[in-house]
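Everything below concerns the one structure shown next.
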Amino acid sequence: MSQQHDHKPAVMDENRRKFLKLVALGGGVSLLKATAWVPEAGAAGGTEALLLSCMDFRLMDEIERYMSGRGLRDKYDHVILAGASLGAITDKYPAWNQTFWEHLDIAIKLHDINEVIIMDHRDCGAYKVILGAEHTRDPNVEKDTHAVHLKKLKGMINEKYPKLEVETLLMTLDGKVEVVG
Ligand SMILES: [Zn+2]
């Protein structure tokens with residue numbers, strides 16, 4: 001027990017070091033990019049939003065199309081976690097939770113985002129893996145299940161960052177999006 005306890009912080013330190021190294025590299029690159037672009041673009045550093053979506057390969061172009069349709073092409077940061085809202089809050093994969101919050105923090109610091117868009121989708125494999133497939137048998141139950149997790153994450157973001165707007169969305173496999181939660 002105590003061995004495990006001693007071991008954990010060391011692992012976290014190592015991960016943290018790696019993460020900070022990545023952040024340092026990423027920050028450097030984006031700083032250079034910002035410097036290069038500001039005179040032409042006329043828009044200072046920031047961007048509109050951070051999108052959290054699932055990793056599902058079937059929906060990548062639908063997501064991009066949806067964001068472009070809202071005029072957000074090339075104007076949003078994108079964090080991908082299997083299960084989207086569920087990935088950010090599930091007890092089953094705590095490292096994913098941490099990854100989400102760290103990326104949100106970086107997006108705020110680097111790009112001064114003012115909105116988080118959380119995009120769940122129907123027939124989500126990660127939801128099935130984490131919660132079981134039962135909820136997908138009835139479309140209404142499936143929607144409610146997503147609403148619970150979307151709402152929970154929205155509440156957590158509101159609490160930590162009260163100035164951020166949070167949208168909670170559910171996409172069908174043919175790319176239609178509705179507000180849920
Ligand atoms: Zn999914």
Side-chain angles (χ1 to χ4, degrees), residues 11-12 15 18-19 22-23 26 30 47-108 110-111 113-161 164-181:
V11 171
M12 283 177 69
N15 284 340
K18 280 183 193 160
F19 175 74
L22 279 174
V23 168
S30 110
T47 192
E48 302 290 324
L50 172 90
L51 170 69
L52 170 65
S53 80
C54 183
M55 70 174 186
D56 196 313
F57 67 95
R58 295 171 295 177
L59 292 171
M60 287 302 142
D61 51 352
E62 282 81 359
I63 289 170
E64 170 55 29
R65 206 172 302 139
Y66 171 78
M67 295 301 280
S68 294
R70 289 183 54 167
L72 288 171
R73 186 181 167 84
D74 288 343
K75 288 184 183 160
Y76 62 96
D77 292 329
H78 194 177
V79 173
I80 297 181
L81 293 174
S85 68
L86 180 60
I89 61 181
T90 178
D91 293 339
K92 200 164 177 180
Y93 298 101
W96 300 6
N97 310 169
Q98 193 184 346
T99 295
F100 172 72
W101 292 110
E102 285 171 346
H103 279 75
L104 177 54
D105 198 44
I106 295 286
I108 293 167
L110 287 183
H111 302 145
I113 57 155
N114 48 41
E115 182 177 12
V116 179
I117 301 169
I118 315 168
M119 171 85 78
D120 277 18
H121 71 93
R122 286 189 184 270
D123 195 39
C124 182
Y127 262 74
K128 292 181 198 169
V129 166
I130 295 168
L131 302 177
E134 188 67 29
H135 72 280
T136 57
R137 283 183 200 162
D138 177 337
N140 289 323
V141 176
E142 183 183 31
K143 187 168 153 179
D144 291 346
T145 306
H146 283 279
V148 166
H149 295 92
L150 286 162
K151 224 184 277 183
K152 185 170 177 195
L153 180 57
K154 179 181 179 170
M156 289 165 80
I157 296 169
N158 284 337
E159 201 174 307
K160 200 165 180 206
Y161 301 102
L164 286 182
E165 215 177 293
V166 182
E167 275 184 70
T168 50
L169 307 174
L170 182 64
M171 182 178 263
T172 57
L173 289 184
D174 58 2
K176 291 193 186 83
V177 174
E178 63 177 321
V179 177
V180 162

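Read the numbers this way: they start at 1 and go in the same order the structure lists the ligands and their atoms.
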Looking at Ser85, is its backbone amide N or carbonyl O close enough to the side chain of Asp120 to form a donor-acceptor pair, meaning the two atoms are under 3.5 Å apart?
yes

Just the protein N/O/S atoms under 2.8 Å from the Zn ion (ligand 1), please, no waters.
Cys54 SG, His121 NE2, Cys124 SG

Taken to the nearest 0.5 Å, the spacing of Glu48 CD from Arg70 CZ works out to 10.0 Å

Under 4.0 Å between a Lys/Arg side-chain N and an Asp/Glu carboxylate O for Glu165 and Lys154?
no

Checking Leu86 against Tyr93 for the side chain to side chain contact (heavy atoms under 4.5 Å, CB included) test, could you report, in this order, the C-alpha distance in whole Å, the side-chain angles of both residues, the deciding distance, and whether it holds?
CA-CA 10 Å; Leu86 180 60; Tyr93 298 101; over 6 Å; no

Is Glu134 salt-bridged to Lys128, cutoff N-O under 4.0 Å?
no

Of the options Ile117, Thr172, Leu169, which is the one that meets Val177 in a side-chain contact (heavy atoms from CB on, under 4.5 Å)?
Leu169

